[in-house]
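Report on one structure; see the data block that follows.
All values reported here derive from a predicted model rather than from experimental measurement.
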Amino acid sequence: MGSASVPERGIRIAIDRGGTFTDCVGNPGTGKMEDDIVIKLLSVDPSNYDDAPLEGIRRLLSKFTGKDIPRGEPLDTSKIESIRMGTTVATNALLERKGEDIALVVTNGFKDCLAIGNQSRPNIFALNIQKPEVLYKKVVEIDERVTLEDYAEDPERNETRAEPIEKAGRDADLVRGMSGEAVRILQRPQEETIRKQLQEVYDSGLKSIAVCLMHGYTFPNHEALIGKVAKEIGFEHVSLSHELMPMIKLVPRTTSACADAYLTPAIKKYISGFEAGFEGGLGSESVKHEKGSKAARCEFMQSDGGLVDVKSFSGLRAILSGPAGGVVGYALTSYDPETKIPVIGFDMGGTSTDVSRYGSGRYDHVFETTTAGVTIQSPQLDINTVAAGGGSRLFWRNGLFVVGPESASAHPGPACYRKGGPLTITDANLFLGRLLPDFFPKIFGKNENEGLDAEASEKLFKELAADINKEVSGGNKDKEMSLDEVAYGFIKIANETMTRPIRSLTEARGHDTSKHRLATFGGAGGQHAVAIAEALGISQILIHRYSSVLSAYGMALADVVDERQEPESKVWSDDKDVREYLQKKMTDLKAKSTATLNDQGFEGANIQFEEYLNVRYRGTESALMIIKPTKEEAEKEFGGDEWAFGKAFVKQHEQEFGFTLPDRDIIIDDVRARGIGMTFEGLEKTVDQQLKEIKLKDLHKGEKQYSTSQVYFEGGRQETPIYKLEDIAVGDRIKGPAIIADGTQTIVVTPGASALLINTHVVINLGESDGQDKKVDTKEVDPIMLSIFAHRFMAIAEQMGRALQKTSVSTNVKERLDYSCALFDYEGGLVANAPHLPVHLGSMSTCVKKQAEIWKGKLKRGDVIVSNHPMFGGTHLPDITVITPAFSGDKIIFYVASRAHHADIGGILPGSMPPHSRELFQEGAAIKSEKLVSEGHFNEERIIELLHKEPAQYPGCSGTRCLADNINDLKAQIAANQKGINLISTLIEDYGEDVVQFYMTNIQDNAELSVRNLLKGVSKRFEGQDLSAIDFMDDGSPIKLKITIDAEKGEAVFDFEGTGPEVYGNINAPEAVTYSAIIYCLRCLISEDIPLNQGCLKPIHVKIPQKSFLSPSANAAVVGGNVLTSQRVTDVVLHAFRACAASQGDCNNLTFGFGGSSTSTSGQKTETKGFGYYETIAGGSGAGPTWNGTSGVHTHMTNTRITDAEVFERRYPVILREFGLREGSAGRGMHRGGEGVVRDIEFRIPVQVSILSERRCFRPYGLEGGEDAGVGVNVWVREVEKKEGAEGEGEGEGKEYRFISLGGKNTASMRPGERIIVNTPGGGGWGREGEGSKVVRQRDPMEGWRKGSLAERQSVAEASA
């Protein structure tokens, strides 16, 4: 690093304060890389300094000025041009819950909106459901209410005209909102009441509040009034949701307002402490107003990859402040706008591995992400944590090698850090010679002056290898694994664990991983880069010279950004009026942005804009943020039209989702302008320019070598040359195996790869694969290969799911992800399925096995089977299964299948989920076993007959009401199956058919072993005790279970003798449902990640009495069996095992709508256009031996999300009067159950409303002395004739509202103004009330992970059950 002379006021400093280290990059003002000074110091070192960034700046100024600056002396800013910083202050405050104490202000009826959230649970198999704690201390409900006048699902497309409130007048009840929608004001807030409520909050000591009211994004007036009053009272911080992010969705906007109110004071506190370390002020205001030279620009990195002036830095935008710098760093140094090769960023540090992508010259942003359990609505770079980095812990569990997600974190850190830590990936790399102690900072030991402790790592590997060999070798020395093999096994599993989500992230956006470069940074990235790239099919890796401080370097390169956004509701069209309206809105946003950037010293050509519209098709929720086409794109693709947003949307929709909907309106949800203040004039030459000009020189053996070492690669240790990065010249090429290192990073170049040094990067080119051919033995099970195949099989099921989602068209599949894809062995045994919907777990294989038997010897290549009948492994009729056999020669070697929930397949009611069906035909088309495709020919005529014509022949029934969607989704299922077959065929090409078949069998054996071990453990716990239980459906039908365990073999008989007979109703459950419930319960009880497959059921013998309602006849109605009886079976199994008290035991299925086909007295069929809506509603979960129940959450066999309150009112003609927790519904006990919820919906037009629910008579049980929970109640608030002389509220004379009980299952025609109130059951209590609590708080190891689009996708998938 040089020491160029410092020009007057030229020093530029960029800092990334991370969790473990603070990285500082300083430049004297020349802008040349060779003049930079880089400093790395510990983020927390209280014995030496109070604040790491200040200490870093002190050291840099000392070096640049050549003067020693004493610690504690205020720093002179006269030579500093700018300071740029990324910080983890906000993330840490969120993780440790150390923000400001706040109050939340919401619309009356929504005080629990954040406690309920979207009602799904984060871990589908956890009986102890842990939802993140809310950030507020107090809630204030305001008596105010507005709603939207029109609704999106209106078949007539009525649009009410209204004026803005300024024109319409303050007393108008109907006004135009910011989004252009007509807003009806139902209740105005009273200023005096608000003042009284807020004064109470202020007097209680809370000084920061968050305000979020229903539809505040489009009608902000009521929020603004509260803000005004709060400021007059003297609140120090007020976060108003419409100012932070005016986007529809109450829950994320409320969380965002809370996060801002919670974090901004903490950030302001930090900044004022930081500023106190300087002479003069910081920031653009100070630069403008301070006399002389005592002020410097100071900007902070925001989550969206843009810098903001220190005075405007807020909590909401700070969550990804540090990692965002890394993305900017690799994007600007690794992407070439000429060659346009997209880049995947792989940032592997000590405590996390983050992945992102940069392509087309712009950042990928997401607008809703979760960090530390808090869902934030704000533009953020799409950064996804995929593993716990070098600190990922290593485990041997249930016969499998497992890496993470648990982390050794910074304290105690890996075993080799000399603090008694556990075994981690860092230890494996050190043990194998892939990490060199010579090049690692000597900061360990008592005096923090020792290097890494290789002996500590080795000691723990010996202990772990001994455990593994004891299980694997069975005493045979020849079968034992060496320490090297064990350590390398973990490295391979770690790479496999990271590769899967990287592929998901890239493919979900419609991109192919192999067409990217991999940009690696972070301390541990260089040790894994080659293996990760190879697995992803990537041929070139870029490692920047500053890769270990790239986040700080990124800050130095970033631009200042000002984001503006407003909601909208216009339908896109190319006509002049719509364009001019939108262009004016965009111009207004740009003007505001320009003014802000002018204030910060940016003028004219230094200000650029990215213009976006957030766009979706009508009837869908998948909005895409579409950027205005560049001049070049417009010329090439859109006939020179730069405002061709509509065409650009259609093109991007095709790329991401694989189809377009030409007959649907295109709706604009938001208008967004991103103003960019350009601060950096041009960088070094791009990688591609350098590669063109480089003069290559291959280094000979021994040349420029620092030393050699024995390093482990595939197949064994090899003598490997070590090179110091500073000793290698530009143009030098090193062939692998080799290790290149400097003080901050170690790069492993495997055999077959080569490394080339250019000015800015080390470029690794992959040649042949690492080491050997993939020869795998099928005589013995290799636990490493078993773990790898477990990942590979799951990855195939996941990729099938993405193919299905991409090519389907229905909302159920595309947006709710209500599907399951799976692969099966040649007998139909389940090998892997994704996502894990509990109700599909056991039933898919029943279906495939049945079909395999029926078609034995009759299937040919290109045949595809379809089935949904309950007697043939179906669950309920809307779930249609498509099965494809895969052949080798003439024999079937495996099957793949996909099951998707179709929105309608006929029957007596739209949605095919009637609450009062008595016979199967009333629930729609029932397909036992048909060929959907014959030798490649799609049998469309037959499928139309099955879905449309046959169901309509029954009395009162219609055929499917959405045939085109059915056919499209079935074709998507066929395509997904084909994808699965192609992927397994590739696996067979790689490893051979016998190996793949061998591990398909052994992965099932592995799951079987886990269940056998569980059963042995249970039998010890309950020795001599009777494992039996009985519970009842609301009609009195009993479900009786006795479990008998053979302790020696680890086998169990589940005997349902005594269960009630088949019911003339719809709570009959196909046998497959009971199998699914048993697999789900076993997986919950094992409480570790095991492969979920056929093996789980091998040690289980299930006896279901024939003719009972758990084994119904072919024509029995079953729609309630899938959603209600499955929950009761689960309750009974968990009761028998004494695992936990009962949860709500119900899905509370609510449907409403109008329209469909009707038959007149003359037999004439007419179709009325209408809409249908379906939701399931949360309740309370049961308490257990070490936990309280959770309130307002979905349990067991379902996990669907609830539609957000604002979206609900925008799409349907309803007013949601209340959605909150139902106090008093939980079972009391030593550990309390969870509360149910109250959902109160008022209808604005006449609709047919149906409820299908349970636990309205029999209470959810408590256990071990805990009390039972309250039952649910369904109420119809009905307008009736007033009784003579009766008092009561009513609309007109002679009318009153009555509260009428609907019972558990009913349907009613409700009129405008009438309501349904669903009160859901709570969860049972555990233990006697008054006994000492034994609650154990378990921390989720992934709590601090950055959850971008990848995690969101996974939670949507798990919320489709």
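- The line from OG1 of Thr371 to CG of Leu320 is 5.5 Å long, rounded to the nearest 0.5 Å.
- One distance of note links CG of Leu54 with CD1 of Ile83; it measures 8.5 Å at 0.5 Å rounding.
- Here the closest heavy-atom approach between residue Leu41 and residue Cys24 is recorded as CD2-SG, 3.9 Å.
- Looking at Asn598 and Ile607, their side chains come closer than 4.5 Å, going by heavy atoms from C-beta outward.
- Side chains of Tyr546 and Thr333 form no contact here, defined as non-hydrogen atoms less than 4.5 Å apart.
- Here the side chain of Thr91 pairs a donor or acceptor atom with the backbone of Ile319 at under 3.5 angstrom.
- Once rounded to the nearest 0.5 Å, the distance linking CZ of Arg357 with CG of Leu505 reads 8.5 Å.
- Under a 3.5 Å cut-off, the side chain of Arg12 and the backbone N or O of Ala556 do not form any donor-acceptor pair.
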Steps toward salt bridge (charged side-chain N to carboxylate O under 4.0 Å, His left out) verdict (Glu368, Lys249): CA-CA 10 Å; Glu368 210 175 289; Lys249 280 196 186 176; 3.7 Å; yes
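- Ser272 places a side-chain N or O within 3.5 Å of a backbone atom of Lys269 that can act as its donor or acceptor partner.
- Residues Met301 and Ala324 approach most closely at CG-CB, 3.9 Å, considering heavy atoms.
- The shortest non-hydrogen separation linking Met678 to Asp559 is CA-OD1, 3.5 Å.
- Between Ala52 and Tyr49, the shortest heavy-atom contact is CA-CE1, 3.8 Å.
- Judged by distance alone, with hydrogens and angles left aside, the side-chain atoms of Tyr262 form a donor-acceptor pair with the main-chain N or O of Arg97 at under 3.5 Å.
- Residues Asp23 and Lys40 have side chains in contact (heavy-atom distance under 4.5 Å, counting atoms from C-beta outward).
- A distance-only check finds no donor-acceptor pair linking the side chain of Thr353 to the backbone of Met348 [under 3.5 Å].
- Val327 places a side-chain heavy atom less than 4.5 Å from the side chain of Ile383.
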Check the pair Ile102, Cys258 against side chain to side chain contact (heavy atoms under 4.5 Å, CB included), reporting the backbone distance first and the verdict last. CA-CA 8 Å; Ile102 65 164; Cys258 284; 4.0 Å; yes
For the pair Phe367 and Met625, evaluate side chain to side chain contact (heavy atoms under 4.5 Å, CB included) and give the outcome as yes or no after the intermediate values. CA-CA 10 Å; Phe367 291 82; Met625 194 60 81; 3.3 Å; yes
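- One N or O on the side chain of Thr424 and one on the backbone of Thr426 form a donor-acceptor pair closer than 3.5 Å.
- With contacts defined as side-chain heavy-atom distances shorter than 4.5 Å, the pair Leu381/His365 qualifies.
- The OG1 atom of Thr520 lies 9.0 Å from the CD1 atom of Ile532; values are rounded to the nearest 0.5 Å.
- In terms of modelled atom types and a separation under 3.5 Å, the side chain of Ser593 and the main chain of Asp562 share a donor-acceptor contact.
- No donor-acceptor pair closer than 3.5 Å links the side chain of Ser548 to the backbone N or O of Gly523.
- Side chain of Arg71 to backbone of Asn48: a donor-acceptor contact under 3.5 angstrom is found.
- Here the OG-CD1 distance, from Ser334 to Ile543, works out to 10.5 Å after rounding to the nearest 0.5 Å.
- One N or O on the side chain of Asn27 and one on the backbone of Lys32 form a donor-acceptor pair closer than 3.5 Å.
- Of the candidates Arg674, Gln380, Arg317, Arg674 is the only one forming a side chain to side chain donor-acceptor pair (under 3.5 Å) with Asp304.
- The closest side-chain heavy-atom distance from Val549 to Asp16 is not below 4.5 Å.
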Taking it one step at a time, do Ile344 and Val355 satisfy side chain to side chain contact (heavy atoms under 4.5 Å, CB included)? CA-CA 7 Å; Ile344 290 170; Val355 175; 4.1 Å; yes
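- In this pair, Phe274 and Tyr270 present their aromatic rings parallel. The plane angle is below 30°, not in the 30 to 60° band.
- Distance check: Arg84 CZ to Arg297 CZ gives 7.5 Å after rounding to the nearest 0.5 Å.
- No option in Ser378, Ser239, Ser241 other than Ser239 meets the side chain to side chain donor-acceptor pair (under 3.5 Å) test with Asp260.
- Side-chain atoms of His237 and Lys268, non-hydrogen and from C-beta on, never get closer than 4.5 Å to each other.
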Met85/Met555 under side chain to side chain contact (heavy atoms under 4.5 Å, CB included): CA gap, chis, key distance, verdict: CA-CA 7 Å; Met85 237 167 98; Met555 315 278 170; over 6 Å; no
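- Shown here is Lys137, whose NZ atom has no more than 12 heavy atoms of other residues, nucleotides or ligands within 6.0 Å.
- Heavy-atom minimum distance, Ile37 versus Leu60: CG2-CD2, 3.6 Å.
- Here the side chains of Asn606 and Leu597 are not in contact, with every heavy-atom distance at 4.5 Å or above.
- Counting all heavy atoms, side chain and backbone alike, Ser551 lies closest to Gly322 at OG-O, 3.5 Å.
- Between Tyr330 and Tyr358, the ring planes are perpendicular. Angles over 60° get that label, and only those under 30° would be called parallel.
- In the model, Ser208 has no side-chain atom that pairs as donor or acceptor with a side-chain atom of Glu100 under 3.5 Å.
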